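Beneath this line is the structure, given in structure tokens, with notes to follow.
Chain letters run A, B, ... following the sequence lines, proteins first and then strands; every chain starts at 1. Note that this is a predicted model, so its numbers are computed, not measured.
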There are 2 protein chains.
Amino acid sequence: MDALTIQEAAQTTEWSPRMLRYIERAGLIEPQRSQSGYRLYGPGELQRLRTLRELASRFGIGLAEIGFAMRLRRDEQLAEAVDAWFEAEPRRPEDVPPAEWLRWEQDKHTKLLALAAAATPATSRA
Amino acid sequence: MDALTIQEAAQTTEWSPRMLRYIERAGLIEPQRSQSGYRLYGPGELQRLRTLRELASRFGIGLAEIGFAMRLRRDEQLAEAVDAWFEAEPRRPEDVPPAEWLRWEQDKHTKLLALAAAATPATSRA
DNA sequence: ACAACCTTACCACGAGTGTGTCAAGGTTGT
DNA sequence: ACAACCTTGACACACTCGTGGTAAGGTTGT
């Protein structure tokens with residue numbers, strides 16, 4: 001079996017064994033296991049571990065972020081939802097024709113009441 | 001000006017004023033400011049704030065993650081690097097032709113030494 | 001059999017997240 | 001002028017992240 005145990009893998013990748021387990025728990029790199037449960041790191045995993053280190057240090061991002069990026073690739077719904085959020089770029093009032101769905105100028109007191117009613121923009125009865 | 005102050009915005013979006021400031025600090029939603037420095041939330045911001053809440057609670061993700069997603073859209077280099085990392089899917093030894101760049105079977109003692117030399121895969125002199 | 005390795009499960013600890021509250025001071029509407 | 005709002009900054013607290021240990025027990029090679 002051309003695979004390394006955790007300690008060996010740690011040395012070649014400059015992670016600590018502790019961190020390799022942590023990375024696994026984070027779902028980033030899950031090595032195969034031997035029959036007795038030992039982690040076995042193959043060339044692919046070693047490569048990814050090195051790149052991971054590079055990635056994290058070069059851009060100053062954490063494992064959690066990369067885990068999230070992974071989630072973004074796996075969870076189609078999540079990706080869509082996030083996309084949708086970014087799609088709705090903050091339009092300044094000037095860009096928005098003076099719709100009536102948010103207008104108040106003077107009636108400052110009833111404003112909030114009206115807003116509360118309109119709190120669900122396109123969801124409730126129009 | 002058809003924009004809400006922080007407290008009003010908080011009420012319509014079900015965030016607290018505190019959180020609106022926090023969200024701003026996180027770089028997610030940065031409202032315009034009045035001349036005197038008051039935050040002014042327009043319809044766009046309000047919409048995004050509501051969607052943000054939905055997004056966070058529905059998928060159980062934090063503001064930091066969404067901030068990272070934003071960074072992914074802005075920082076082309078980061079996006080590439082992350083892509084590259086995921087591209088290198090973990091190939092099992094079976095998928096990899098028995099290359100010589102990682103081979104040892106019996107020489108368990110010199111193994112680590114050899115590895116240390118090969119630690120920088122494609123970067124160093126080939 | 002014995003050392004050297006592996007496993008999981010804990011304790012610890014500084015930094016960051018998510019949230020509230022409070023203080024000191026500026027702005028605004030009536 | 002005064003109340004009600006806004007601003008930034010701080011203290012606080014529970015929780016997670018990224019790390020390191022250490023302990024109790026299984027595996028492996030010589």
Side-chain angles (χ1 to χ4, degrees), chain A residues 1 3-41 45 49 52-57 59-71 104-112 115, chain B residues 1 3-41 45 49 52-53 55-57 59-71 104-112:
Chain A
M1 50 203 72
L4 302 189
T5 62
I6 195 170
Q7 191 173 232
E8 297 164 329
Q11 291 188 35
T12 48
T13 58
E14 297 187 77
W15 289 100
S16 64
R18 179 68 164 84
M19 282 310 292
L20 292 189
R21 298 201 185 91
Y22 185 73
I23 288 168
E24 180 180 14
R25 168 109 51 101
L28 293 183
I29 290 170
E30 306 177 330
Q32 293 187 314
R33 299 297 191 107
S34 75
Q35 279 203 325
S36 55
Y38 283 25
R39 290 172 181 80
L40 296 176
Y41 291 87
E45 277 90 14
L49 281 172
L52 179 59
R53 164 168 286 294
E54 166 85 359
L55 196 56
S57 68
F59 294 95
I61 59 187
L63 303 184
E65 340 270 290
I66 302 180
F68 179 66
M70 179 177 282
R71 234 189 115 186
W104 55 89
E105 232 83 331
Q106 50 216 2
D107 200 327
K108 196 148 193 187
H109 298 310
T110 47
K111 187 198 295 186
L112 287 173
L115 276 170
Chain B
M1 50 205 68
L4 302 189
T5 63
I6 195 171
Q7 191 172 234
E8 296 164 330
Q11 292 189 36
T12 48
T13 59
E14 297 188 76
W15 292 99
S16 64
R18 178 68 164 87
M19 284 310 292
L20 292 190
R21 299 202 184 92
Y22 186 74
I23 288 169
E24 181 180 14
R25 168 109 48 101
L28 294 183
I29 290 170
E30 306 176 331
Q32 294 186 314
R33 298 298 190 104
S34 74
Q35 278 202 324
S36 55
Y38 282 25
R39 289 173 181 80
L40 295 176
Y41 292 88
E45 278 89 14
L49 281 171
L52 180 59
R53 164 168 285 296
L55 196 55
S57 68
F59 294 95
I61 60 188
L63 304 183
E65 340 269 291
I66 302 179
F68 179 67
M70 179 177 284
R71 231 188 117 186
W104 56 90
E105 233 80 333
Q106 50 216 4
D107 200 328
K108 196 148 195 187
H109 298 310
T110 48
K111 184 199 298 187
L112 288 175

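Between A:Leu63 atom CG and D:dT19 atom P there is a gap of 6 Å when expressed in whole angstrom units. Atom pair B:Glu8:CD and D:dA4:C1' shows a separation of 12 Å (rounding to whole Å applied). Following rounding to the nearest Å, A:Phe68 (CZ) and D:dC17 (P) show an atom-to-atom distance of 13 Å. Between the CD atom of B:Gln32 and the C1' atom of D:dC6 there is a distance of 17 Å, rounded to whole Å. As rounded to whole Å, 20 Å separates atom P of C:dG16 from atom CD1 of B:Ile23. Atom CD1 of B:Ile61 is separated from atom P of C:dT17 by 15 Å (rounded to the nearest Å). For the pair B:Trp15 CH2 and C:dG20 C1', the interatomic distance rounds to 15 Å; values are reported in whole Å. The distance between atom CD of B:Glu24 and atom P of D:dG9, rounded to the nearest whole Å, is 12 Å.
Looking at A:Tyr38, its side chain comes within 3.5 Å of the base of D:dG26 through a donor and an acceptor atom.
Inter-residue side-chain proximity for B:Ile6 and B:Arg21 is flagged as met; some heavy-atom pair is nearer than 4.5 Å. Between A:Arg71 and B:Phe59 the shortest side-chain heavy-atom distance falls below 4.5 Å. Counting heavy atoms from C-beta on, the side chains of B:Leu28 and B:Met70 come closer than 4.5 Å.
Within the 4.0 Å cut-off from OP1 or OP2 of C:dC10, not a single side-chain nitrogen or oxygen of A:Arg21 is found. OP1 or OP2 of D:dC6 has at least one side-chain nitrogen or oxygen of B:Thr5 nearer than 4.0 Å. Dashed line: the shortest gap from a side-chain N or O of B:Ser36 to OP1 or OP2 of C:dT28 is under 4.0 Å. A close approach under 4.0 Å does occur between a side-chain nitrogen or oxygen of A:Arg33 and OP1 or OP2 of C:dT8. Distances shown here put a side-chain N or O of A:Arg39 below 4.0 Å from the OP1 or OP2 atom of C:dT7. Neither OP1 nor OP2 of C:dT19 sits under 4.0 Å from any side-chain N or O of B:Ser16.
Considering only the side chain of A:Tyr22, D:dT19 comes nearest among C:dG20, D:dT19, D:dC6. Distance from the side chain of B:Arg18 is smallest to C:dG20 among C:dC6, C:dC11, C:dG20.
Pairing for C:dG29 goes to D:dC2, judged as Watson-Crick or G-U wobble with the two contacts each under 3.5 Å. Pair assignment for D:dA23: C:dT8, on the basis of Watson-Crick or G-U wobble contacts that are both within less than 3.5 Å. Across all strands shown, D:dT16 forms a Watson-Crick or G-U wobble pair, both distances under 3.5 Å, with C:dA15.
A salt bridge links B:Glu24 with B:Arg33: at least one charged nitrogen is closer than 4.0 Å to a carboxylate oxygen.
One N or O on the side chain of A:Glu8 and one on the backbone of A:Thr5 form a donor-acceptor pair closer than 3.5 Å.
Counted within 6.0 Å of CZ on A:Arg25, heavy atoms from surrounding residues, nucleotides or ligands total 12 or fewer; the atom is thus considered open.
Positionally, the nearest nucleotide of DNA chain C for B:Met19 lies more toward the 5' end than for the other of B:Gln35 and B:Met19.
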